[in-house]
Amino acid sequence: MSGRTTALTPPDDAGPPVRHPDAPAPGEIIGSHYEYCFGCGPAVAHGLHLETRAGEGVRVTAEFRVKEAHQGAPGLAHGGVLATALDETLGGLGWLLRVIAVTGRLETDFVRPVPVGTVLYLDAEVLAVHGRKIYCTATGRIGGPEGPVAVRADAMFVEVKIDHFIENGRPAEIKAALADPDQVKVARAFEVNP
């Protein structure tokens, strides 16, 4: 765990992550949790449109194609967009633990530039759990799962209840999400980091 700040280092009494028995099976696409999510939602024209897959253990993978709308410097992905791709992938880990969790802290290292048109392969895993805190890490590689590392992040997510969204979200969107007759969609809207 070298390089992690104290806030991102699990305490000595943290426990190992435990994959929930009802978690999606390895290889299964987890899918969008909310259609207007910038990271995974299909209704956001310039969003990332990440498609996350459950992996073995408490691990997920995703792919992100860098589009022109994701530029920072000419022809290169914006660092904030890359951090968002990592954050969204890390947020998918909640599906494997079957908890609602939000980002508490995210520390990102930018290792090399990521050109427009690149497919970034993202891999995230939970390292430890301590109370409501979930310690995890993610890596983004250029061109394939074995490609060169372009970006990586360490994070600490915090388990929350649905009230977190109801009390803090914009009322119109919360009301619309809760009123959807598709109860599976309602549950998914609040299951992972938005």
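All residue numbers in this chain count up from 1 along the given sequence. Keep in mind that this is a model prediction, so the values were computed, not measured.
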Would you check if the side chain of [X] reaches a backbone N or O of [Y] as a donor-acceptor pair within less than 3.5 Å?
X     : Y      : answer
Arg19 : Gly57  : yes
Arg65 : Gly117 : yes
His20 : Trp95  : no

Non-neighbouring partners of Phe64 that pass ring pair (Phe, Tyr, Trp, His ring centres under 6.0 Å), sequence neighbours left out
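Phe64 satisfies ring pair (Phe, Tyr, Trp, His ring centres under 6.0 Å) with His70 only.
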Find the distance between [atom1] ([X]) and [atom2] ([Y]) and round it off to the nearest 0.5 Å.
X      : Y     : atom1 : atom2 : answer
Leu106 : Asp87 : CG    : CG    : 5.5 Å
Arg152 : Leu82 : CZ    : CG    : 13.5 Å
Asp154 : Thr9  : CG    : OG1   : 8.0 Å

Report whether [X] and [Y] are members of the same hydrophobic cluster (ILVMFWY, side-chain heavy atoms less than 4.5 Å apart, transitive linking).
X      : Y      : answer
Leu8   : Leu86  : no
Phe110 : Leu48  : yes
Leu76  : Val114 : no

Look at atom [atom1] of [X] and say whether more than 12 heavy atoms of other residues, nucleotides or ligands are closer to it than 6.0 Å.
X      : atom1 : result
His130 : NE2   : yes
Asp12  : CG    : no
Tyr36  : OH    : no

Checking side-chain contact (heavy atoms from CB on, under 4.5 Å) between Leu122 and each of Thr52, Val60, Leu50, Leu90, which is the one that passes?
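Testing each of Thr52, Val60, Leu50, Leu90 against Leu122, the sole residue satisfying side-chain contact (heavy atoms from CB on, under 4.5 Å) is Leu50.
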Given Val151, which partner from the list Thr139, Leu120, Val111 fulfils the side-chain contact (heavy atoms from CB on, under 4.5 Å) test?
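Only match with Val151 under side-chain contact (heavy atoms from CB on, under 4.5 Å): Leu120.
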If you compare all heavy atoms of [X] against all heavy atoms of [Y], which two are closest, and at what distance to 0.1 Å?
X      : Y      : answer
Leu93  : Ala124 : CD2-O, 3.7 Å
Gly47  : Lys67  : O-NZ, 4.2 Å
Ala54  : Ala25  : CB-O, 3.4 Å
Ile30  : Arg53  : CD1-C, 4.3 Å
Cys37  : Glu88  : SG-OE1, 3.4 Å
Ala153 : Thr137 : O-OG1, 3.1 Å

List the residues meeting side chain to side chain contact (heavy atoms under 4.5 Å, CB included) with Val116, not counting sequence neighbours, and say none if there are none.
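Applying side chain to side chain contact (heavy atoms under 4.5 Å, CB included) to Val116 gives Val66, Glu68, Gln71.
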Which pairs count as salt bridge (Lys or Arg N to Asp or Glu O under 4.0 Å) when at least one residue sits in residues 117-138, sequence neighbours excluded?
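Sorted result for residues 117-138: Arg59-Asp123, Arg59-Glu125.
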Can you tell if the side chain of Leu127 reaches within under 4.5 Å of the side chain of Pro17, non-hydrogen atoms only?
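A side-chain contact under 4.5 Å is absent here.
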